[in-house]
Amino acid sequence: MASRKNRRGIAWWALVLLMAVLILWPLVNLEAKMATDTGAFRRALDYPGLGSALVNTLVLAVGTVVVAVPSGTALAWVAQRTPPRMRGVVAFLPMVPLMLPPVAKVAGWTYLLSPRTGVINRLLRETGLFSADTGPIDIYSMTWMIAISGITLTSFVYLFVSASLRQRGVELELAASAFGANGWQTFRRVTLPLLRPALTYSTGIVFLLALGQFTTPLLLGGPRNIEVISTVMYRVASAPPVDYAMGAVLAVPLLLFGVLVVAGQRWAIGDERRFVAMSGPGGRVGTRSSWWALIPVALYLGVAVVLPLAALIVVSLVPYWSGRIDVASFTFANWDRALSNPTTQEAIATTGWAVLFTVVIVVPVGYLCALALVGRSGAPRLARRGVDLLSSVSLSMPAVLLGFAFLLTYTEPPFRLYGTTAMVVVAYVSLMVPHAIRPQLSAMMTVGPEYAEAARVGGAGPLATAWRVGLPLTRTGIGVAASLVVIMVVHEFAVSLMVTSPGRRVMGALLYDATNFGTAPQIAVVALLMVVVSSIGIVAAVLIGGTRSLERT
Amino acid sequence: MILKRATLLLAPALCAVALLTAGCGSESDGAGPTSGVDPNLGGGTEWQQIVDAANAEGKVVLYTASDGATTTLPPAFAKDYPDIELVVVHYASGQLTAKLDAEKGTTSTGADVAMASSKGWWDSNVDRLPEITGPALARYWSEKPSYVLGGDKYVMSGATPLGAAVNTDRLKELKADPITGYKDLLQPALGRNIGIVPGEGSPAAEQWWYYATQEMGGADALKQLASLRPRAYENGTTPLATDVGSGEIAVGFYATQSSTQALAEQGAPIEFVPLEPAIAIGGYTGIVGTARPNAAQVLANWLLSPAGQVALFGEGNAWTPLQKAELGEVPSTMTSIPEDSHLTDGVLTPEQSAFYDGQFLPSLGR
């Protein structure tokens, strides 16, 4: 009996070791460079514009939180107040922007808001209200960088807050009303406190994502010299000989922020059980609904998806972009050129394989981690803590920092993986583990231990219990995890740029190439191809998890 | 509902299949001029053994920072070596050498041959590079010892002149004078209508700005340029040309002919203006990988032969170091490096470094 327990303990520790190798080792490896190079601090401090890059990083992150958290929360609140028969579809709509790659969104917005040739700017000037020959909107300014990243990350806040709203129901709000509380009092004293875990979690996540974001500052900050830490790190990684030690120093503020935010989240939420307010099946009964509630959702969808997507489609069909839409000049030549290009075909194939391998590896690893975390698996307490900590580390690290660490670690012995699909997959798996854990963990928490116990009483072994009971009951969570991983891998950009090599280029890297060396229509075509590929991946993931996984993504 | 949702989700997938089907079978365009001269001319049986081994290897990878090479080189190379697939990968200069550093010592993949503008990188890596052994080196480059470097390990194989990309419509609207020289960039009428590629991370580009600033008028000219609020295009010459073509800006400096020409062919009101005296980025070719040693030799030899030189420079977007007469029949657009041009080598002098870091970048607010 004791030896079986020991064997199981060893298996859980093996899982912790695997996660440590995937996530912790590259980071330790990177920071070790800093420790062995005493001049790195001086070089980093002397880096031109480092101070303003730090300030810009913080301004962008805080600004993004200020835009995204209220917008996402408001959106989640109104989505609950749409007419009941539409609620299922409407609840999904604010998550559609997640399917659009960030690079595609930024490119789409550039065609709409470039100071002189942007379609919206042109239309605004034609109203006669603006006298200058450019603007009034300058997409290459900090204000609009904040606006665009805020709009992009609103979906993340919505994702967490709407799930919390769905879970808790409206009984407590109705009770507060019955005792005479007005709308504001109910919101302040009942709704807001109950949303605290979701708001704290989403604020932290959005802050971290905004802090480490790369696409928006790279593509929009460049023309006005607005640098952030992630773009500085990318420049260090692109300038030979690569100064890894200085990159490691530059990474320190991001590392510290990541740790502080995760610790702050835990401190602010404390014991999550204090916020549990499960609603019964009739939990939404009594919510006042209105057709007007559809307007904010439609507006958000229009701004976050329809406008940039429409811009991309139009630009993909013109011979060259002039800021004017001339339907007579539309042609499929750009599509034809892109699709017949072997590089595009190879990138689509590599992305497909990378997504497949990553999902096949990361979803089971995430399942095992969730099993350890759920606390009913017999995993040693310290091993559970290890899994929890390591997944938090990966979640709190900006992708560009991890990309830098992967590049260093896997281009040197003992794991010289550079130039292989294995390197791309290892990097993606390391990045995606936390995203694969959370949905599966949620699914396991809602199932409860009774079914597994019943199976064991009935004589089923651990494997048979997992296969016949655990897996079918958590199928939705598995589907959600697979969908999330597919979306995030196809859209992944920062790490892909650093770890892919010729013949192993993925679509994110291809899109970056297009932004460097391609014309506007070529960029639009590749961006739209990414949308198509991620949609195909999501369909496949939904087939695994059932359509409910889509709602829960 | 489920059916509708599934249909919605499948629609993009079906579109993709349709588009992929539409794309299949279409001919890739971009094939440039080719030469009739046999690239193996002068090679004996030993060279033929290398060519046979290269055919067996079947593939070769070239890294380059040149615009247009990804589309023009593979079809021209395939004409001479149909059994070897040429993969051309385009990187910005700094990224290219960073990638080569990352690939040092790897044998499974990456570049076999590179064309990079930083002579400094070639010099610091010369010990690990193999010699170029093909017949073209002796046949066409023996009279050019200053171009063959590192003991036959790398060759200054071409130069790309950079100039101005001009949106002819916007220039008229702004009532600006025509752009013919470096000083024309400083016209007040062009305020907030200029774009430049600062070239940070590429020593050759940094040198280019050193020479160009001297031609503009030195430190005072730099202040004037800064007062016009130029937009920086860190991503290179193609995004610069794209914005000039669209009219987002009127003039782009540090532009290539190939990127402007591609847009002009699509009907954009854009033209390339060469500037006098010409300042060109020198490009160096050498073998950098060990994964496919024979195919790398064949490609390096081809690039240095008339066949490669015509494929690279036949359209006149960049210059060949060789005299046209040495190359057999060549297109009239092909140009040899003019004697009075500045050529960058990517080896920054202390003065040039001090200028770029201490004057140029700060003047742009960096």
Side-chain angles (χ1 to χ4, degrees), chain A residues 48-49 88-89 92 114-117 134 140 219 222-225 227 235 237-242 319-323 329 332 335-343 348 407 411 416 418-420 501-505 513 515-520 529 531-533 535-536 538-539 542 547 550, chain B residues 1-2 5-6 9-10 12-13 15-16 19-20 22-24 26-29 61 63 67 70 87 89-90 92 94-95 97-103 105-106 108-111 121 192 200-201 231-236 238-239 242 245-249 262-263 266-268 357 361 364-366:
Chain A
V89 175
F92 171 68
S114 276
R116 184 168 285 107
T117 52
T134 64
Y140 302 110
L219 299 180
R224 295 274 186 273
N225 300 318
E227 293 275 3
R235 277 181 222 305
S238 305
V242 179
Y320 72 94
W321 180 233
S322 65
S329 71
F332 279 104
W335 284 92
D336 195 23
R337 250 194 305 274
L339 290 168
S340 58
N341 186 340
T343 312
I348 292 173
L407 182 66
T411 49
R416 195 146 207 171
Y418 181 82
T420 62
S501 59
R504 297 286 181 276
R505 296 185 85 64
D513 285 352
T515 58
N516 269 340
F517 312 119
T519 58
L529 279 173
V531 176
V532 172
V533 170
S535 303
I536 293 170
I538 291 162
V539 171
V542 167
T547 49
L550 197 64
Chain B
M1 181 62 78
I2 290 169
R5 193 176 294 153
L9 287 166
L10 282 169
C15 287
L19 286 165
L20 282 165
C24 292
S26 63
E27 285 179 17
S28 86
D29 55 0
V61 178
Y63 286 4
D67 291 338
T70 47
V87 177
V89 186
H90 190 182
Q95 281 180 329
T97 38
K99 279 279 174 192
L100 293 178
D101 281 340
E103 289 171 8
T106 54
S108 59
T109 187
W121 184 89
R192 291 178 178 270
E200 224 172 335
R231 191 183 291 182
Y233 287 80
E234 294 175 337
N235 290 354
T238 311
T242 300
S246 73
E248 183 63 36
I249 51 172
L263 286 161
Q266 299 294 329
D357 295 332
L361 287 180
L364 295 174
R366 300 168 80 88

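Given the structure is predicted, the values throughout are model-derived calculations rather than measurements. No hydrogens, no waters, no symmetry mates; every other heavy atom, side chains included, goes into these values.
Scanning for salt bridge (charged side-chain N to carboxylate O under 4.0 Å, His left out) contacts around R231(B) gives D243(B), E248(B), with sequence neighbours left out. By the ring-ring contact (aromatic ring centres under 6.0 Å, His included) test, F517(A) is found to be paired with H90(B), residues two or more places apart in sequence or in another chain being considered.
Closest of all the heavy-atom pairs between T515(A) and P239(B) is O-CG, 3.2 Å. In terms of heavy atoms, G518(A) sits closest to T242(B) at O-OG1, 4.1 Å. Annotation for L263(B) and T519(A): closest pair CD2-CG2, 4.0 Å, computed over non-hydrogen atoms. G245(B) and Y320(A) get closest at one heavy-atom pair: O-CE1, 4.0 Å.
Between S322(A) atom OG and Q266(B) atom CD the span is 12.5 Å, to the nearest 0.5 Å.
The most heavy-atom pairs under 4.5 Å with chain B, out of P115(A), G49(A), A338(A), A520(A), come from P115(A).
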